Chemist: 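Provided herewith is a single structure, encoded as C-alpha cells, for subsequent inquiry.
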Amino acid sequence: MSKKQRPVALVTGAGQGIGRGIAVRLATDGYDVVINDVVADPANTETGAYEVKRAIEAVGGWAEVFRADVASADGRKAMVGFAADTFGRIDLLVNNAGIAPKERKDILEATEESFERVMSINLQGPYFLTQLVANRMIAWLAEGKVVKPRIVFISSISAYTSSTFRGEYCISKAGVSMAAKLYADRLGEYGIGVLEISPGIIATPMTSTVKEKYDKLIAGGLLITKRLGQPEDVAAVVSAFAQGYLDYSTGQRIEVGGGFGLRRL
Ligand SMILES: NC(=O)c1ccc[n+]([C@@H]2O[C@H](COP(=O)([O-])OP(=O)(O)OC[C@H]3O[C@@H](n4cnc5c(N)ncnc54)[C@H](O)[C@@H]3O)[C@@H](O)[C@H]2O)c1
C-alpha cells in the first residue's frame with residue numbers, strides 16, 4: 001500500500017503510557033500515526049514521543065510526532081492542520097491525553113487553579129479537538145478520502161467512581177463520558193462511530209507513584225482479574241474498534257478494568 005492509502009490515527013498524549021500502547025498497536029494493525037504529546041524532544045529517542053516513533057518505524061509503520069498542548073486552541077488547530085497536510089486524512093482520533101491533579105487534595109481544600117488546569121486538559125481539550133477533527137472527517141467523507149472514520153474517548157473509572165481527594169479529575173472524566181455520548185449522537189448521521197473506553201488501574205507513569213497502594217487493594221480483592229492493567233489491554237479494545245468490530249455499539253462505554261465496575265456481594 002502506498003503511504004497515503006493507509007488509514008491514519010491521531011493519538012493524543014502518545015509519548016508514554018496508554019497512548020504509547022495504543023499508537024504502537026495501531027501501527028501493527030496497519031495505521032500510520034500522528035503521535036501528539038505536549039512533551040517531545042527530538043534529541044531523545046530512548047523515552048517519550050520520539051521513542052514511540054522509533055517503535056512504530058520498527059514495525060514498518062509511518063509515524064510523525066507533533067508537539068502540542070491539547071488544552072490550547074492554537075495547539076489543537078496546528079495539530080489537525082499538521083495531520084491534514086502531512087497525511088491527508090484522519091481515520092481515527094484517539095483522545096487519550098490527560099493528567100491527574102498535581103496534588104491529591106480533599107475536595108474541602110482543593111483549589112480552583114487545579115480544577116481549571118485539569119478541566120482544560122482532560123475535558124475542554126478533547127471536546128474541542130473532536131469538534132475540529134469531526135468537521136474535517138465530514139469533509140473528507142464527502143470527498144471520498146476516508147470511508148469509516150471513528151473517534152475514541154479515553155475516560156476512566158473515575159467518571160463514575162468517587163475519589164474525594166481528586167474531585168476535579170472525577171468531574172473531568174464524567175464530562176469526557178458525556179462528550180463521547182454527545183458526539184456519537186451528533187455524528188451518527190455521517191456513520192462516524194464513537195467509543196468511550198474507561199480504563200481501570202493501568203500500569204503507566206501516571207500511576208507509578210501510587211502503585212503500592214493499588215497492589216495492596218488488588219491483593220485484597222478489589223478486582224476480579226488480580227493484576228494491574230497494561231497499556232496493551234486498553235490498546236486491544238481500541239484495535240477492535242478501529243477494525244470495525246464494535247461498529248454497532250456507537251456511543252457505548254467499555255471498561256478495561258479487570259472487573260472493577262462489577263457490583264459484587
Ligand atoms: N493509568 C491509569 O490507571 C488510567 C486509568 C484511567 C484513565 N486513564 C487515562 O488514560 C490517559 C492516559 O493516561 P496514562 O496513565 O498513560 O498517563 P501518563 O501520564 O503516563 O501519560 C500521559 C501522556 O499525555 C501527555 N500529556 C499530558 N498533558 C498533555 C497535554 N496537555 N497535551 C498533550 N499531551 C499531554 C503526557 O506528556 C504523557 O506523555 C489519561 O487520559 C488518563 O486520565 C489512566
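As the structure lists them, so they are numbered: ligands from 1, and atoms in each ligand from 1. Heads up: numbering here begins at 1 and tracks the sequence. Keep in mind that this is a model prediction, so the values were computed, not measured. Side chains are part of it too, since the values below use all heavy atoms of this structure and drop only hydrogens, waters and symmetry mates.
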Chemist: What's the shortest distance from atom 29 (C) of ligand 1 to any protein heavy atom, and which residue and atom give it?
Modeler: V38 CG1, 3.6 Å

Chemist: Note the single closest protein heavy atom to atom 19 (O) of ligand 1, along with its residue, its atom name and the distance in Å.
Modeler: Q16 NE2, 3.4 Å

Chemist: Could you tell me if the side chain of N36 sits less than 4.5 Å from the side chain of V70, heavy atoms only?
Modeler: yes

Chemist: How far is atom 23 (C) of ligand 1 from the closest protein heavy atom, and which atom is that?
Modeler: G13 O, 3.5 Å

Chemist: Would you call the rings of F87 and F82 parallel, tilted or perpendicular if under 30° counts as parallel and over 60° as perpendicular?
Modeler: perpendicular

Chemist: So which heavy atom in the protein is nearest atom 43 (O) of ligand 1, and how far is it from that ligand atom?
Modeler: Y169 OH, 2.6 Å

Chemist: Go through ligand 1 atom by atom and flag the ones less than 4.0 Å from a non-hydrogen atom of I201.
Modeler: 3 (O)

Chemist: What protein heavy atom sits nearest atom 36 (C) of ligand 1, and how far off is it?
Modeler: D37 OD1, 3.4 Å

Chemist: G48 near ligand 1, heavy-atom distance under 4.0 Å?
Modeler: no

Chemist: What are the atoms of ligand 1, with element, lying closer than 4.0 Å to any heavy atom of S155?
Modeler: 7 (C), 9 (C)

Chemist: Counting from 1, what ligand 1 atoms have a heavy atom of T207 closer than 4.0 Å?
Modeler: 1 (N), 2 (C), 3 (O)

Chemist: Are K148 and D91 ion-paired here, with the side-chain N under 4.0 Å from a carboxylate O?
Modeler: no

Chemist: For S158, is there any backbone N or O sitting under 3.5 Å from a side-chain donor or acceptor partner on T161?
Modeler: no

Chemist: Looking only at distance, does I18 have an N or O less than 3.5 Å from an N or O of ligand 1?
Modeler: yes

Chemist: Check this for me: does any side-chain nitrogen of one of D185 and K181 sit under 4.0 Å from a carboxylate oxygen of the other?
Modeler: no

Chemist: Which atoms of ligand 1 have any heavy atom of A97 under 4.0 Å away?
Modeler: 33 (C), 34 (N), 35 (C), 41 (O)

Chemist: What atoms of ligand 1 come closer than 4.0 angstrom to any heavy atom of N36?
Modeler: 33 (C)

Chemist: Looking at E255 and Y160, what are the two nearest heavy atoms and their distance?
Modeler: OE1-OH, 2.6 Å

Chemist: Under 4.0 Å between a side-chain nitrogen and a carboxylate oxygen: does that hold for K53 and E57?
Modeler: yes

Chemist: When you compare the side chain of T207 with that of I202, does any pair of heavy atoms fall below 4.5 Å?
Modeler: no

Chemist: What residue and heavy atom of the protein are closest to atom 5 (C) of ligand 1, and at what distance?
Modeler: G200 O, 2.9 Å

Chemist: I'd like to know if the side chain of T45 and the backbone of E51 have a donor-acceptor N/O pair within less than 3.5 Å.
Modeler: no

Chemist: Taking only residues two or more places apart in sequence, or in another chain, which ones meet E196 in a side chain to side chain donor-acceptor pair (under 3.5 Å)?
Modeler: S155, S177

Chemist: For atom CZ of R263, decide whether the heavy atoms of other residues, nucleotides or ligands shown that lie under 6.0 angstrom number more than 12.
Modeler: no

Chemist: Which atoms of ligand 1 sit under 4.0 Å from any heavy atom of I99?
Modeler: 27 (C), 28 (N)

Chemist: Given that the side chain starts at C-beta and the backbone is N, CA, C, O, which of these parts of A49 lies under 4.0 Å from ligand 1, counting heavy atoms, or is it both or neither?
Modeler: neither

Chemist: Taking all atoms of both residues into account, what is the closest heavy-atom pair of I90 and A83, and its distance?
Modeler: CD1-CB, 3.8 Å

Chemist: Nearest protein heavy-atom contact for atom 41 (O) of ligand 1: which residue, which atom, what distance?
Modeler: N96 O, 2.7 Å

Chemist: Looking at ligand 1, is there an atom of it that comes within less than 4.0 Å of some heavy atom belonging to R20?
Modeler: no

Chemist: What I want to find out is whether R25 reaches D233 closely enough, with some N-O distance under 4.0 Å, to be called a salt bridge.
Modeler: no

Chemist: So for S72, does at least one of its heavy atoms come nearer than 4.0 angstrom to any atom of ligand 1?
Modeler: no

Chemist: For ligand 1, is there an N or O atom under 3.5 Å from any N or O atom of I157?
Modeler: no

Chemist: Considering the heavy atoms of G98, write down every atom of ligand 1 situated less than 4.0 Å from one of them.
Modeler: 40 (C), 41 (O)

Chemist: Counting heavy atoms only, name the option from V118, I202, T12 that's nearest to atom 2 (C) of ligand 1.
Modeler: I202

Chemist: Do you know which two heavy atoms are closest between W140 and A84, and how far apart they sit?
Modeler: CZ2-CB, 3.8 Å

Chemist: Tell me: protein heavy atom nearest atom 15 (O) of ligand 1, and distance?
Modeler: T204 OG1, 2.5 Å

Chemist: Please identify which atoms of ligand 1 are closer than 4.0 Å to at least one heavy atom of I154.
Modeler: 9 (C), 10 (O)

